[in-house]
J.: 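Provided herewith is a single structure, encoded as structure tokens, for subsequent inquiry.
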Amino acid sequence: MRILVTGGAGFIGSHFVRLLLASHPDCQVTNLDKLTYAGNLENLADCAEDPRYRFVKGDICDAELVRGLMGESDAVVHFAAESHVDRSIVDSAPFFETNVRGTFTLLEAARQVPLQRFVHVSTDEVYGPIPPGRWVNEAGALLPSSPYSAAKAASDMLVLAYARTYGVPALITRAGNNYGPFQFPEKFIPLIVSNALEDRPLPLYGDGLQVRDWLHVEDHCRALDLLLERGERGEIYNIGTGREHTNLEVARAVLDLLGKPQSLITFVEDRPAHDRRYALDCAKLNSSPGWRAAIEFADGLRRTVEWYAGHPEWVGRVRHGAYREYYERHYVRREETLAAMLRGGGRS
Ligand code: NAD
Ligand code: DAU
């Protein structure tokens with residue numbers, strides 16, 4: 001099968017490309033990626049020489065390029081997106097450009113070629129916050145809180161419309177928070193691990209009691225691979241573990257794993273419209289095609305912490321390379337926030 005992967009130089013996409021090449025000897029993979037700040041070909045260095053793999057630097061909003069690549073493909077797995085909520089709050093324009101117009105551009109091309117499958121990788125954030133004691137299934141209402149999740153929800157709507165109107169053989173997946181190697185250290189787990197390694201404060205938004213369903217990236221990719229083969233067109237699939245962890249629990253666990261003091265935990269100003277809890281009902285995927293997360297959070301977190309501790313050069317290059325300007329700005333903002341909270345008698 002010839003598979004077009006968009007955003008394959010990012011965190012999840014790079015794991016997925018590696019999984020495809022490892023588990024499907026006869027596949028041909030084209031990775032279309034713009035290489036934004038979040039795209040890093042180093043994430044796929046071990047695949048670069050594989051004759052079944054091809055990298056194309058380009059934008060999913062480039063209709064001509066997309067049409068050409070789609071015409072050579074049997075299936076599409078669409079990861080490319082602006083993915084960070086905090087950035088979407090600061091500047092939402094790129095989120096609507098890539099996540100909405102980019103998805104639209106792909107769908108327009110998809111309706112003109114005989115594709116077998118189009119997997120649209122979406123997120124649990126489209127459902128908005130889920131009250132304690134409840135779990136949301138695929139029929140849940142969409143109540144996105146951030147520009148990021150609004151753009152993802154809009155792209156989901158486009159996918160459903162193109163499946164119904166034009167028969168594009170598309171399905172949608174909605175996963176919880178991923179973690180694992182090669183995740184950009186603006187995201188919570190790699191951020192706190194790399195801060196802890198440098199004895200810097202671990203910034204927790206608000207009271208740190210927000211709940212997430214942490215999914216190891218390899219478990220997520222296994223589910224996507226299964227759905228690429230056996231998912232039903234026009235369907236939506238939640239992908240999660242059913243486990244709940246507060247951000248504070250995760251931060252404490254990371255500090256324990258690294259033997260660092262709990263005093264590094266620092267409560268800072270909350271994210272605007274911060275969703276308190278995500279909780280996915282995954283009964284559909286669990287029953288058919290039949291998937292369950294295999295990696296226990298304690299084990300996955302330990303391995304992830306070990307990976308970041310063992311790859312300081314990767315973290316350094318990513319943090320202090322293209323990302324430096326944003327990172328420094330972000331970090332300073334938190335420091336200032338902390339100072340203001342301490343002056344005002346806030347938490348420490
Ligand atoms: P990421 O930010 O690590 O990677 C995104 C990739 O897309 C990068 O390689 C970037 O260069 C590329 N890209 C961005 N704009 C592009 C464009 N216009 N054209 C071509 N390529 C472009 O993101 P991620 O965390 O790997 O997330 C991948 C997908 O999974 C996203 O669609 C995201 O919404 C979804 N998702 C992520 C999570 C998570 O926890 N990270 C959970 C559920 C769903
Ligand atoms: O739920 C799936 C989503 O998970 C994906 O769709 C997004 O692409 C991905 O970025 C992620 O979004 P989050 O906003 O949940 O991820 P983030 O790593 O930014 O934050 C995780 C939690 O940690 C969230 O409750 C906010 C909190 N947090 C985050 C950062 C960066 C902090 O407390 N401090 C921080 O410095």
Side-chain angles (χ1 to χ4, degrees), residues 5-16 31-41 43-44 56-62 65-66 77-89 94-95 97-99 101-103 105-106 120-127 129 144-146 148-149 151-152 155-156 173-180 182-192 195 201-215 217 220-221 224 239-240 245-248 250-251 265-271 274-278 280 318 330-331 333-334:
V5 174
T6 72
F11 165 48
I12 307 173
S14 60
H15 282 273
F16 187 70
N31 172 12
L32 170 62
D33 198 295
K34 186 177 169 181
L35 296 184
T36 66
Y37 79 94
N40 185 353
L41 287 179
N43 298 355
L44 281 171
V56 177
K57 184 174 187 304
D59 193 327
I60 58 166
C61 298
D62 179 342
L65 175 65
V66 162
V77 184
H78 173 35
F79 295 93
E82 287 294 333
S83 67
H84 191 39
V85 171
D86 289 341
R87 283 179 185 252
S88 81
I89 295 167
F95 287 75
E97 178 66 9
T98 286
N99 301 4
R101 200 162 81 85
T103 303
T105 307
L106 289 166
H120 175 64
V121 182
S122 190
T123 170
D124 61 357
E125 297 211 6
V126 296
Y127 298 118
S145 298
S146 70
Y148 161 71
S149 50
K152 291 298 287 187
S155 69
D156 287 14
T173 66
R174 293 180 180 150
N177 283 63
N178 281 221
Y179 69 102
F182 298 115
Q183 187 170 29
F184 202 88
E186 64 187 352
K187 305 283 167 53
F188 183 60
I189 288 185
L191 176 83
I192 61 173
N195 276 17
L202 275 51
L204 271 102
Y205 294 163
D207 60 8
L209 298 182
Q210 303 81 9
V211 170
R212 294 291 183 268
D213 178 345
W214 291 99
L215 174 66
V217 64
H220 185 192
C221 289
L224 294 173
I239 309 176
H245 296 280
T246 65
N247 295 335
L248 184 56
V250 175
I265 290 176
T266 305
F267 294 96
V268 300
E269 185 185 341
D270 208 352
R271 170 188 282 175
H274 192 175
D275 289 338
R276 192 74 178 162
R277 175 174 177 266
Y278 297 138
L280 291 172
V318 170
H330 202 54
Y331 192 77
R333 182 172 67 74
R334 291 202 181 104

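Whatever order the structure lists ligands and atoms in, that order sets their numbers, starting from 1. Side chains included, hydrogens not; waters and symmetry mates left out as well; all remaining heavy atoms used.
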J.: With heavy-atom distances below 4.0 Å as the criterion, list the atoms of ligand 2 near Leu204.
T.: 33 (O)
J.: Considering only heavy atoms of Asp124, which atoms of ligand 2 have at least one such atom less than 4.0 Å away?
T.: 1 (O), 2 (C)
J.: With heavy-atom distances below 4.0 Å as the criterion, list the atoms of ligand 1 near Lys152.
T.: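 Atoms satisfying the 4.0 Å criterion: 31 (C), 32 (O), 33 (C), 34 (O).
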J.: N/O of Leu32 under 3.5 Å from N/O of ligand 1, yes or no?
T.: no
J.: Look at ligand 1 and say whether Pro94 reaches it with a heavy atom at a distance under 4.0 Å.
T.: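 No, Pro94 has no heavy atoms under 4.0 Å from ligand 1.
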J.: Please list, in number order, the atoms of ligand 1 under 4.0 Å from a heavy atom of Tyr148.
T.: 33 (C), 34 (O)
J.: Are the aromatic rings of Phe184 and Tyr37 close, with centres under 6.0 Å apart?
T.: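 Yes - the distance between ring centres of Phe184 and Tyr37 falls below the 6.0 Å cut-off.
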J.: What atoms of ligand 1 come closer than 4.0 angstrom to any heavy atom of Leu35?
T.: 11 (O)
J.: Just distances here: any N/O of Asp86 and N/O of ligand 2 closer than 3.5 Å?
T.: no
J.: What I want to know is whether Tyr278 and ligand 2 share at least one N or O pair that is separated by under 3.5 angstrom.
T.: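 No; every N/O pair is 3.5 Å or more apart.
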J.: With a 4.0 Å cut-off on heavy atoms, does His274 reach ligand 2?
T.: yes
J.: Which atoms of ligand 1 have any heavy atom of Ser122 under 4.0 Å away?
T.: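 Every atom of ligand 1 under 4.0 Å from some heavy atom of Ser122: 43 (C), 44 (C).
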J.: Short list, please: which atoms of ligand 1 are under 4.0 Å from a heavy atom of Asp59?
T.: 17 (C), 18 (N), 19 (N)
J.: Any nitrogen or oxygen of Pro203, main chain or side chain, under 3.5 Å from a nitrogen or oxygen of ligand 2?
T.: yes
J.: So if I count the atoms of ligand 1 from 1 in the order they appear, which ones are less than 4.0 Å from some heavy atom of Asn177?
T.: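 In order of number, 40 (O).
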J.: Run the numbers for me: atoms of ligand 1, each under 4.0 Å from some heavy atom of Thr36, listed by number.
T.: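 What qualifies from ligand 1 is 10 (C), 11 (O), 14 (C), 15 (N).
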J.: When the ring planes of Phe16 and Phe79 are compared, do they come out parallel, tilted or perpendicular, using 30° and 60° as the limits?
T.: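 The rings of Phe16 and Phe79 sit tilted, inter-plane angle from 30° to 60°.
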J.: Does an N or O from Arg212, backbone or side chain, lie closer than 3.5 Å to an N or O of ligand 2?
T.: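 Min N/O separation from ligand 2 is below 3.5 Å for Arg212.
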J.: Would one find an N or O of Glu125, backbone or side chain, under 3.5 Å from an N or O of ligand 2?
T.: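 It does: an N or O of Glu125 is found under 3.5 Å from an N or O of ligand 2.
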J.: So is Thr6 close enough to ligand 1, meaning a heavy atom under 4.0 angstrom away?
T.: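 No, Thr6 has no heavy atom closer than 4.0 Å to ligand 1.
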J.: Any N or O of Asn247 that comes nearer than 3.5 Å to an N or O of ligand 2?
T.: yes
J.: Does ligand 1 come near enough to Cys61 that some N or O of the ligand is less than 3.5 Å from an N or O of the residue?
T.: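 It does not: no N or O of Cys61 is found under 3.5 Å from an N or O of ligand 1.
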J.: Heavy atoms only: which of Phe184, Tyr205, Tyr148 lies closest to atom 32 (C) of ligand 2?
T.: Tyr205
J.: Kindly identify the option in Arg276, Arg271, His84, Arg277 whose heavy atom sits closest to atom 14 (O) of ligand 2.
T.: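 Among Arg276, Arg271, His84, Arg277, the closest heavy atom to atom 14 (O) of ligand 2 belongs to Arg271.
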J.: Hey, is Phe79 one of the residues with a heavy atom under 4.0 angstrom from ligand 1?
T.: yes
J.: Within a distance under 4.0 Å of any heavy atom of Gly58, pick out the atoms of ligand 1 and give their elements.
T.: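 Numbered from 1, ligand 1 contributes 19 (N), 20 (C).
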J.: What protein heavy atom is closest to atom 30 (O) of ligand 1, reported as residue, atom name and distance in Å?
T.: Val121 CG1, 3.5 Å
J.: Check ligand 2 against Val85 and write out every atom of the ligand that is under 4.0 Å from a heavy-atom position of the residue.
T.: 14 (O)
J.: Are any of the side-chain nitrogens in Arg276 or Asp207 under 4.0 Å away from the carboxylate oxygens of its partner?
T.: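 Asp207 and Arg276: salt-bridged.
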J.: Could you tell me whether Ile189 and ligand 2 have an N or O pair separated by under 3.5 Å?
T.: no
